[in-house]
Amino acid sequence: MAESPTSPDFTLYGIKNCDTVKKARRWLDEQQVAYRFHDYRVDGLTAEMLHTFIAQQGYEALLNTRGTTWRKLSEEERGAVTDAGSALQLMLAHPAVIKRPLLAGSGETSLLGFDAGRYQHFISQGN
């Protein structure tokens with residue numbers, strides 16, 4: 001159901017080989033929810049997209065500071081993230097440092113991470 005001829009109401013952002021993204025995609029498919037998958041590495045990432053995500057989630061929530069990509073950054077790179085602007089620049093340079101998945105609705109809301117109950121509620125609200 002990931003590929004729909006009509007414009008889906010939801011977009012799932014992430015990286016295709018991420019286990020949590022795979023779980024979210026499987027759940028959406030099982031629930032027959034029409035969505036578009038946007039892979040940061042394949043489909044790209046823009047400053048405009050990140051501005052939207054940061055406005056919705058906050059840059060602190062978007063940074064995956066427990067992941068491998070963050071740990072592989074130099075102390076200087078990690079320390080340079082002091083505000084939304086510096087976080088945005090880091091995320092543009094290293095998309096894998098963005099926490100995922102991010103499920104965006106047709107409105108101005110999004111849901112970070114994957115939890116079946118939260119997804120069900122988010123989708124039922126028609127976001």
Side-chain angles (χ1 to χ4, degrees):
M1 179 88 23
E3 301 301 322
S4 174
T6 60
S7 179
D9 291 335
F10 300 96
T11 302
L12 186 71
Y13 294 91
I15 297 171
K16 70 179 174 185
N17 62 345
C18 170
D19 289 340
T20 309
V21 169
K22 288 177 185 177
K23 288 177 191 174
R25 293 182 75 180
R26 189 175 318 115
W27 187 89
L28 290 166
D29 290 341
E30 289 169 357
Q31 303 303 310
Q32 298 181 350
V33 174
Y35 69 96
R36 182 174 96 67
F37 178 63
H38 183 103
D39 188 315
Y40 296 135
R41 290 182 176 151
V42 176
D43 301 317
L45 183 63
T46 66
E48 182 180 348
M49 289 168 61
L50 279 174
H51 278 294
T52 300
F53 299 159
I54 289 169
Q56 293 171 350
Q57 300 289 332
Y59 79 89
E60 298 94 340
L62 284 173
L63 279 175
N64 183 5
T65 58
R66 296 186 330 183
T68 305
T69 302
W70 178 262
R71 290 192 308 265
K72 286 184 178 180
L73 295 173
S74 70
E75 189 66 37
E76 182 180 340
E77 288 173 302
R78 291 192 302 259
V81 178
T82 58
D83 59 17
S86 56
L88 183 142
Q89 292 305 314
L90 181 71
M91 289 185 262
L92 281 173
H94 303 281
V97 80
I98 302 169
K99 199 172 285 181
R100 53 199 179 264
L102 183 108
L103 182 63
S106 56
E108 295 183 15
T109 59
S110 60
L111 190 59
L112 189 59
F114 174 68
D115 175 89
R118 290 179 62 219
Y119 268 44
Q120 185 65 51
H121 180 74
F122 185 77
I123 290 164
S124 70
Q125 297 299 308
N127 292 292

So does Phe114 get a backbone contact from the side chain of Arg100, meaning a donor-acceptor N/O pair under 3.5 Å?
no

Short question: side chain of Arg71, backbone of Arg66 - any donor-acceptor pair under 3.5 Å?
yes

Once rounded to the nearest 0.5 Å, what's the spacing between atom CG of Leu90 and atom CG of Leu62?
11.5 Å

Ile15 side chain reached by Val21 side chain, heavy atoms, under 4.5 Å:
no

Answer whether the closest heavy-atom distance between the side chains of Ile123 and Gln31 falls below 4.5 Å.
no

Looking at NZ of Lys99 and CE of Met91, how far apart are the two atoms once the value is rounded to the nearest 0.5 Å?
11.0 Å

Do Leu102 and Phe37 share a hydrophobic cluster (ILVMFWY, side-chain heavy atoms under 4.5 Å, transitive)?
no

Just distance, no hydrogens or angles: give the donor-acceptor pairs under 3.5 Å from side chains in residues 43-54, sequence neighbours left out.
{"from": "Asp43", "atom 1": "OD2", "to": "Asp39", "atom 2": "N", "distance (Å)": "2.8"}
{"from": "Thr46", "atom 1": "OG1", "to": "Met49", "atom 2": "N", "distance (Å)": "3.1"}
{"from": "Thr52", "atom 1": "OG1", "to": "Glu48", "atom 2": "O", "distance (Å)": "3.2"}

Rounded distance [0.5 Å steps], CG in Leu103 versus CZ in Arg118
10.0 Å

Linked, directly or transitively: Leu63 and Leu111 (ILVMFWY side chains, under 4.5 Å):
no

Closest non-hydrogen contact found for Ser124 with His121 is OG-O, 2.9 Å

Do the side chains of Leu112 and Tyr35 join up, straight or via other hydrophobic residues, at under 4.5 Å, putting them in one cluster?
no

Of all heavy-atom pairs linking Ala24 and Tyr119, the shortest is CB-OH, 3.8 Å

Please find the pair of heavy atoms, one from Pro95 and one from Tyr40, that lie closest to each other, and give the distance.
CB-CB, 3.8 Å

Closest heavy-atom pair, Tyr59 versus Ala87, reported as atoms and distance to 0.1 Å, is CD1-CB, 3.4 Å

So which heavy atom on Trp27 is nearest to which on Ala116, and how close?
NE1-CB, 3.5 Å

Can you measure from CH2 (Trp70) to NE2 (His94) and round to the nearest 0.5 angstrom?
10.0 Å

If you measure from CG on Leu28 to NZ on Lys23, what distance do you get to the nearest 0.5 Å?
14.0 Å

Give the ring-plane orientation class for His38 versus Tyr13, where under 30° counts as parallel, over 60° as perpendicular and anything between as tilted.
tilted

